[in-house]
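In listed order, ligands and their atoms are each counted from 1. Quick note: numbers below take in every heavy atom, side chains included, and nothing from hydrogens, waters or symmetry partners.
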Amino acid sequence: MNLGNKVVYQIYPKSFQDTNSDGIGDLKGIIKHLDYLEELGVDYIWITPFYVSPQNDNGYDIADYRNIDPMYGTMEDFDLLVKEAAKRNIYLMMDMVFNHCSTRHEWFQKALKGDPYYRDFFIFKKGKNGLPPTNWESNFGGDAWSYLPETDEYYLHLFHVTQADLNWDNPNVRQACYDIVNFWIDKGVKGFRFDVINLISKTGVYEDDLTGNGKKYYTDGPRIHEYLQELNRNTFGRYDDIITVGEMSSTTLENSIRYSNPASHELSMIFSFHHLRIDYPSGNKWEIQPFRFHDLKKNLFTWQREMEKGGGWNALFWYNHDQPRIVSRIGDEGKYRLESAKMLATTIHGLKGTPYIYQGEEIGMTNAGFTDISQYRDIESLNYYNLMRRKGKPEEEIYESLRRKSRDNSRTPMQWDDSENAGFSDVQPWISVIPNYKEINTLDRESDNSIFNYYKELIRLRKTVPVIADGTFEALLEDDDRILAYKRTNSTQELYVFCNYFPEEAKVALSIPADCRCILSNYNEEIQPGDLTLRPYEAIMFLRDL
Ligand code: TEU
Ligand code: CA
């Protein structure tokens with residue numbers, strides 16, 4: 001399959017479209033907008049978890065992997081969604097959360113009752129002198145272990161206390177996961193996104209991490225490649241029309257190549273997050289630091305170059321449901337919202353890999369702008385707020401971090417139109433709508449100049465200009481302080497991409513061949529390839545036939 005000309009659209013169902021007036025998005029809401037997605041031109045929709053779940057982590061805490069949470073609809077709705085999407089050449093990518101399951105899952109419930117078969121599905125350990133077995137921290141803050149007085153033991157949870165880690169070293173756990181994947185394949189699913197999948201192989205060493213938070217004892221663990229190959233062999237690897245992507249938390253380049261090189265028979269591609277560490281180099285996401293443009297270029301370019309060299313494949317993205325909106329983060333959500341949103345899109349959609357668009361990105365949605373803790377819903381954000389309050393951090397500083405970094409920034413309702421609640425629901429939504437929906441909404445696609453139409457054009461170009469899908473990558477102007485630029489080449493074409501990341505003008509210190517023609521400009525102009533000076537947040541793509 002040619003992964004280079006596919007585009008994936010990510011849907012956070014809870015915030016996409018409500019159709020039964022409970023303030024929560026649902027599967028019928030996705031069906032309602034399939035024409036919109038077809039108009040945009042995407043090939044796959046990745047829908048974040050909508051299985052039965054107590055929703056402590058908005059569905060990433062799964063209690064039953066084979067049923068739809070009634071809040072989202074029924075299996076009939078799901079079957080209809082698959083069918084209606086396929087009519088529009090759109091296929092479903094399901095989110096598989098196999099590092100952990102909800103403590104409400106029957107596996108964990110049986111384990112708690114002492115059933116030895118299910119006890120071995122999880123990681124139970126004795127404490128040490130009244131303390132947890134190790135000093136590891138949960139990714140959401142606080143201990144990674146919770147105490148069970150009944151048996152005087154702790155269980156491991158790398159995320160929320162209600163998300164118990166599964167023991168992948170147990171072959172029964174692996175088989176149970178493969179059966180789930182096959183269940184969804186039989187239902188017509190053509191893609192899988194595997195949540196934090198590089199954390200499933202623990203080293204088996206349970207000791208204090210004296211230099212970190214425990215990550216080194218479970219990231220890219222000793223049997224990870226073996227497990228992914230086994231997963232591939234037993235499930236999607238039997239078909240040639242299924243795509244997969246692994247969410248690879250803090251992985252290395254070397255492993256990224258192995259995970260996604262077709263010769264390893266693991267996954268089609270991976271999400272790595274190094275290019276998003278650009279405003280928190282320390283690794284503490286709540287820290288507020290200026291955006292480091294050179295770090296962004298260095299990380300993006302390194303991954304482009306090295307993945308190409310090693311035969312790996314990148315999933316290309318700016319953000320998802322765990323990250324703030326990119327236009328607010330490194331673009332300009334005010335005066336240059338249109339220009340900067342299009343410029344950022346140009347960077348991603350010209351690169352080598354498979355682009356992902358997160359719902360609302362295609363209309364330039366902004367961060368939430370919440371001002372009170374009562375508006376936040378995300379478990380990580382609430383944990384952070386409570387922990388910091390306890391530590392005595394000034395409230396203003398906590399709010400500033402949340403305002404910039406909270407995962408809720410990208411989880412507010414999709415802004416469909418300028419009617420009440422942005423057309424998302426006719427009742428008060430589960431999380432507040434951003435008041436700017438009156439100006440920022442999908443009705444903008446009636447204007448040629450809209451961000452939506454620009455994304456549509458980027459997708460069309462990827463499907464019609466072969467060098468975008470298959471060209472090699474070469475960085476240009478690497479030391480430039482304002483411009484991100486690169487070149488893609490195949491046997492018949494050259495593509496040049498120039499992006500100005502700043503509100504000041506930037507002179508392009510490079511001349512490109514005179515027979516280049518401009519195929520895209522975020523200022524809507526036919527730009528000539530001569531001496532170039534980029535205007536604020538300007539982006540240009542030039543094509544040359546060889
Ligand atoms: O995210 C994994 C992950 O690395 C993030 O949770 C990250 O630690 C956090 O967002 C930093 O702010 C995946 C899902 O995308 C996320 O929504 C889930 O909460 C998490 O796994 C647990 O399943
Ligand atoms: Ca609903």
A.B. asks: Can you list the ligand 1 atoms lying under 4.0 Å from a non-hydrogen atom of Arg407?
C.D. replies: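 Matching atoms, with element in brackets: 6 (O), 10 (O), 16 (C), 17 (O), 18 (C), 19 (O).
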
A.B. asks: Who's the nearest protein heavy-atom neighbour of atom 13 (C) of ligand 1, and how far?
C.D. replies: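 Answer, as residue, atom name and distance: Asp195 OD1, 2.8 Å.
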
A.B. asks: Tell me, which protein residue and heavy-atom name are nearest atom 3 (C) of ligand 1, and how many Å apart are they?
C.D. replies: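 Of every protein heavy atom, Glu247 OE2, 3.9 Å lies nearest to atom 3 (C) of ligand 1.
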
A.B. asks: Specify whether the nearest protein heavy atom to atom 18 (C) of ligand 1 is under 4.0 angstrom away.
C.D. replies: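 At least one protein heavy atom is under 4.0 Å away.
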
A.B. asks: Check this for me: does any side-chain nitrogen of one of Arg377 and Asp408 sit under 4.0 Å from a carboxylate oxygen of the other?
C.D. replies: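 Salt bridge flag = no for Asp408 with Arg377.
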
A.B. asks: To the nearest 0.1 Å, how far is atom 5 (C) of ligand 1 from its closest protein heavy atom, and which atom is that?
C.D. replies: Asp322 OD2, 3.9 Å

A.B. asks: So which N/O/S atom does Asp26 have closest to the Ca ion (ligand 2)?
C.D. replies: OD2

A.B. asks: So which bit of Arg193 gets within less than 4.0 Å of ligand 1, heavy atoms only: side chain, backbone, both or neither?
C.D. replies: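 Contact part for Arg193 vs ligand 1: side chain (C-beta onward).
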
A.B. asks: Quick check on contacts: which atoms of ligand 1 are under 4.0 angstrom from a heavy atom of His321?
C.D. replies: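 Answer for ligand 1: 14 (C), 15 (O), 16 (C), 17 (O).
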
A.B. asks: So, are Asp57 and Arg407 salt-bridged, with charged N and O less than 4.0 Å apart?
C.D. replies: yes

A.B. asks: Under 4.0 Å between a Lys/Arg side-chain N and an Asp/Glu carboxylate O for Asp322 and Arg411?
C.D. replies: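 Looking at Arg411 together with Asp322, the answer is yes, because their closest N to O distance falls below 4.0 Å.
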
A.B. asks: Will you find, in the side chains of Thr162 and Asn56, an N or O donor that is under 3.5 Å from an N or O acceptor?
C.D. replies: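 Yes, Asn56 and Thr162 have a side-chain donor paired with an acceptor closer than 3.5 Å.
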
A.B. asks: Taking the basic N atoms (NZ, or NE/NH1/NH2) and the acidic carboxylate oxygens, is any pair closer than 4.0 Å for Glu254 and Arg258?
C.D. replies: no

A.B. asks: Rounded to the nearest 10°, what angle sits at the Ca ion (ligand 2) between OD1 of Asp18 and OD1 of Asn20?
C.D. replies: 80°

A.B. asks: Would His100 count as a contact of ligand 1 if the rule is a heavy atom under 4.0 Å away?
C.D. replies: yes

A.B. asks: When you draw lines from the Ca ion (ligand 2) to O of Ile24 and to OD1 of Asp22, what angle lies between them, to the nearest 10°?
C.D. replies: 90°

A.B. asks: In terms of side-chain heavy atoms, does Tyr227 have a donor or acceptor partner in Arg223 at a distance below 3.5 Å?
C.D. replies: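 Side-chain D/A pair, Tyr227 to Arg223: present.
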
A.B. asks: Using a heavy-atom cut-off of under 4.0 Å, does the side chain or the backbone of Phe273 touch ligand 1, or both, or neither?
C.D. replies: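 Near ligand 1, Phe273 shows nothing, with every heavy atom at 4.0 Å or more.
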
A.B. asks: State whether Asp418 and Lys438 are salt-bridged, where the test is any N-O pair (Lys NZ or Arg NE/NH1/NH2 against Asp/Glu carboxylate O) under 4.0 Å.
C.D. replies: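 The answer is no: the pair does not qualify as a salt bridge.
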
A.B. asks: Any atoms of ligand 1 less than 4.0 Å from a non-hydrogen atom of Val196? List them with their elements.
C.D. replies: 2 (C), 21 (O)

A.B. asks: So, Lys216 and Asp209, do they make that salt bridge, N to O below 4.0 Å?
C.D. replies: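 Yes.
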
A.B. asks: Under a 4.0 Å heavy-atom limit, does Glu380 contact ligand 1 with its side chain, its backbone, both, or neither?
C.D. replies: side chain

A.B. asks: Give me the residue, atom name and distance of the protein heavy atom closest to atom 4 (O) of ligand 1.
C.D. replies: Ser249 OG, 3.9 Å

A.B. asks: Taking atom CD as the centre, does Glu420 end up with more than 12 heavy-atom neighbours from other residues, nucleotides or ligands that are less than 6.0 angstrom away?
C.D. replies: no

A.B. asks: Is the shortest side-chain N to carboxylate O distance from Asp64 to Arg66 below 4.0 Å?
C.D. replies: no

A.B. asks: Who's the nearest protein heavy-atom neighbour of atom 12 (O) of ligand 1, and how far?
C.D. replies: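 For this ligand atom, the closest protein heavy atom is Lys285 NZ, 2.5 Å.
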
A.B. asks: Salt-bridged, Asp165 to Lys202, with N to O below 4.0 Å?
C.D. replies: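 Salt bridge: yes.
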
A.B. asks: Does any N, O or S atom in Gly29 come within less than 3.0 Å of the Ca ion (ligand 2)?
C.D. replies: no

